[in-house]
There are 2 protein chains.
Amino acid sequence: MPLPQTEVPGRLQAHFAERGIRMTQQRRAILSVMETASKHLDASQILRKAQKIDASVDRSTVYRTLRLLKRHGLIDELDLMHINGEGHYYERRLGRDHIHMACLRCGKITEFVSDSFERLKQQVEKDCRFRVLISRLEIGGYCATCRGSQ
Amino acid sequence: MPLPQTEVPGRLQAHFAERGIRMTQQRRAILSVMETASKHLDASQILRKAQKIDASVDRSTVYRTLRLLKRHGLIDELDLMHINGEGHYYERRLGRDHIHMACLRCGKITEFVSDSFERLKQQVEKDCRFRVLISRLEIGGYCATCRGSQ
DNA sequence: CAGGTAGATGCGACTGAGTTGCAACTAGAT
DNA sequence: ATCTAGTTGCAACTCAGTCGCATCTACCTG
Ligand SMILES: [Mn+2]
Ligand SMILES: [Mn+2]
Ligand SMILES: [Zn+2]
Ligand SMILES: [Zn+2]
């Protein structure tokens, strides 16, 4: 007799389970949103999506869970150059970091993985004797399309 | 008969003059704060410093002037990993960009100039056909001192 | 399969950063 | 000296994020 298993437990849930972090309905919903998100979501988008899974989820729980995920290094927080208001965007942290480029004209966000970026971080570790845990490289400018027209 | 010239006009003022941007008492005060600041100031620090030069400066004028400076690419806006609240920090933009490292334990901010960073940006320009105007690399982790103890 | 409890949640009130509409003011052109 | 477009101060506002607290619940222990 299978339970009404809304979501397949993913890596985020696994990470929580491994270190004995309590799993709740609400967290399950929020984690599943973060697992399956294809792109940068802000807190209110995460709230809305999570409420579709569990209607009881509250705004403050979203923020508390995001803080928890951040503390565990499982998600990254982005500004995306504040192209749209003052809020932040969140994205699951997978194997390799990537750079975010925001077009100041059309607002498009592009991602870019680069070995040079990895090397740069290693240089910081070595030259500055600084342990790198989080890194965020955001670039503002004009995308290929907008660069042509004006 | 010299006027009560509080501050020597600096490069920011010069930039404004060159493109016929109106110069006011309040702007003069704020620009001079930004010119002479040695480190990352947030809006309320800028306000307080500017008010010492011209007591009439208002919070909204500070924000409006910062927006103007940003638009002209004369200052950079930083999060400094939100180590202290949700606000932003501002810093004059000089010749070369630099990386900001924030120690998650002691809160120290370190700056680092790197050729690899310049090359990375050039790679983005070339490989992504993206015109780079602003770039912000912020790193969170542990500084040399804090890395040792725990 | 009960308790019991530490930890999580919802709610509503709050904070703090940044913005805005508007009437009054002023820089700088004529 | 006059004129006017651009700027300012002010106060009211928006919006993101936080917090205190009563209630609830995941999960441990027996
Ligand atoms: Mn991304
Ligand atoms: Mn930010
Ligand atoms: Zn574009
Ligand atoms: Zn430190």
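Order of the sequence lines sets the chain letters (A, B, ...), proteins ahead of strands, with each chain counted from 1.
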Taking for each residue the nucleotide of DNA chain D with the nearest heavy atom, is it B/Glu86 or B/Gln26 whose nucleotide lies nearer the 5' end?
B/Gln26
How long is the line joining CD1 of B/Ile30 and C1' of D/dG9, in whole Å?
12 Å
Any donor-acceptor N or O pair under 3.5 Å, side chains B/His40, B/Glu111:
yes
note: A/Gln25, atom CD; C/dA8, atom C1'; distance rounded to Å ~ 13 Å
Distance (rounded to the nearest 0.5 Å) between B/Lys52 NZ and B/Leu47 CG
11.0 Å
Residues 74-89 of chain B side chain polar contacts: donor-acceptor under 3.5 Å, at least two apart:
unit_1	atom_1	unit_2	atom_2	d
B/Glu77	OE2	B/Lys70	NZ	3.1
B/Glu77	OE2	B/Tyr90	OH	3.1
B/Asp79	OD1	B/His88	NE2	3.1
B/Asp79	OD1	B/Arg136	NH2	3.1
B/Asp79	OD2	A/Arg136	NH2	2.7
B/Asp79	OD2	B/His82	NE2	2.7
B/His82	ND1	B/Gly85	O	3.3
B/His82	NE2	A/His88	NE2	2.7
B/His88	NE2	A/His82	NE2	2.7

Check this for me: does the side-chain of B/Arg64 come within 3.5 Å of the base of D/dG9 through a donor and an acceptor?
yes
With respect to the phosphate group of D/dT7, does any side-chain polar atom (N or O) of B/Thr24 fall under 4.0 Å of OP1 or OP2?
no
In terms of side-chain heavy atoms of A/Arg27, which of D/dC19, C/dA8, D/dC10 is nearest?
C/dA8
In whole angstrom, give the distance that lies between atom CG of B/Asp58 and atom C1' of D/dA12.
13 Å
Roughly how far, to the nearest 0.5 Å, is the CD1 atom of A/Ile139 from the SG atom of B/Cys128?
8.0 Å
C/dG18 base / B/Arg59 side chain donor-acceptor hit below 3.5 Å:
yes
Does A/His88 put a side-chain nitrogen or oxygen below 4.0 Å from OP1 or OP2 of D/dA16?
no
By nearest-nucleotide position on DNA chain C, the 5'-leaning member of B/Glu77 and B/Ile21 is B/Glu77
Which value, rounded to the nearest 0.5 Å, describes the distance between B/Arg129 atom CZ and A/Thr110 atom OG1?
12.0 Å
Residue whose nearest DNA chain D nucleotide is more 5′ - B/Thr61 or B/Arg22
B/Arg22
With rounding to the nearest 0.5 Å, note down the distance linking CZ in A/Arg92 to CG in A/Leu31.
9.5 Å
Does A/Ser56 place a side-chain N or O at less than 4.0 Å from the phosphate oxygens OP1/OP2 of C/dG10?
yes
How large an angle, rounded to 10°, do the end axes of the helix from C/dC1-D/dG30 to C/dT30-D/dA1 enclose when each is built from five base pairs?
40°
Starting at CG of A/Leu47 and ending at P of D/dA16, how long is that distance when rounded to a whole Å?
11 Å
Hey, what else clusters with A/Tyr63 if you join Ile, Leu, Val, Met, Phe, Trp, Tyr whenever side-chain heavy atoms sit under 4.5 Å?
none
Looking at A/Tyr63, does any N or O in its side chain come under 4.0 Å of the phosphate oxygens OP1/OP2 on D/dT18?
no
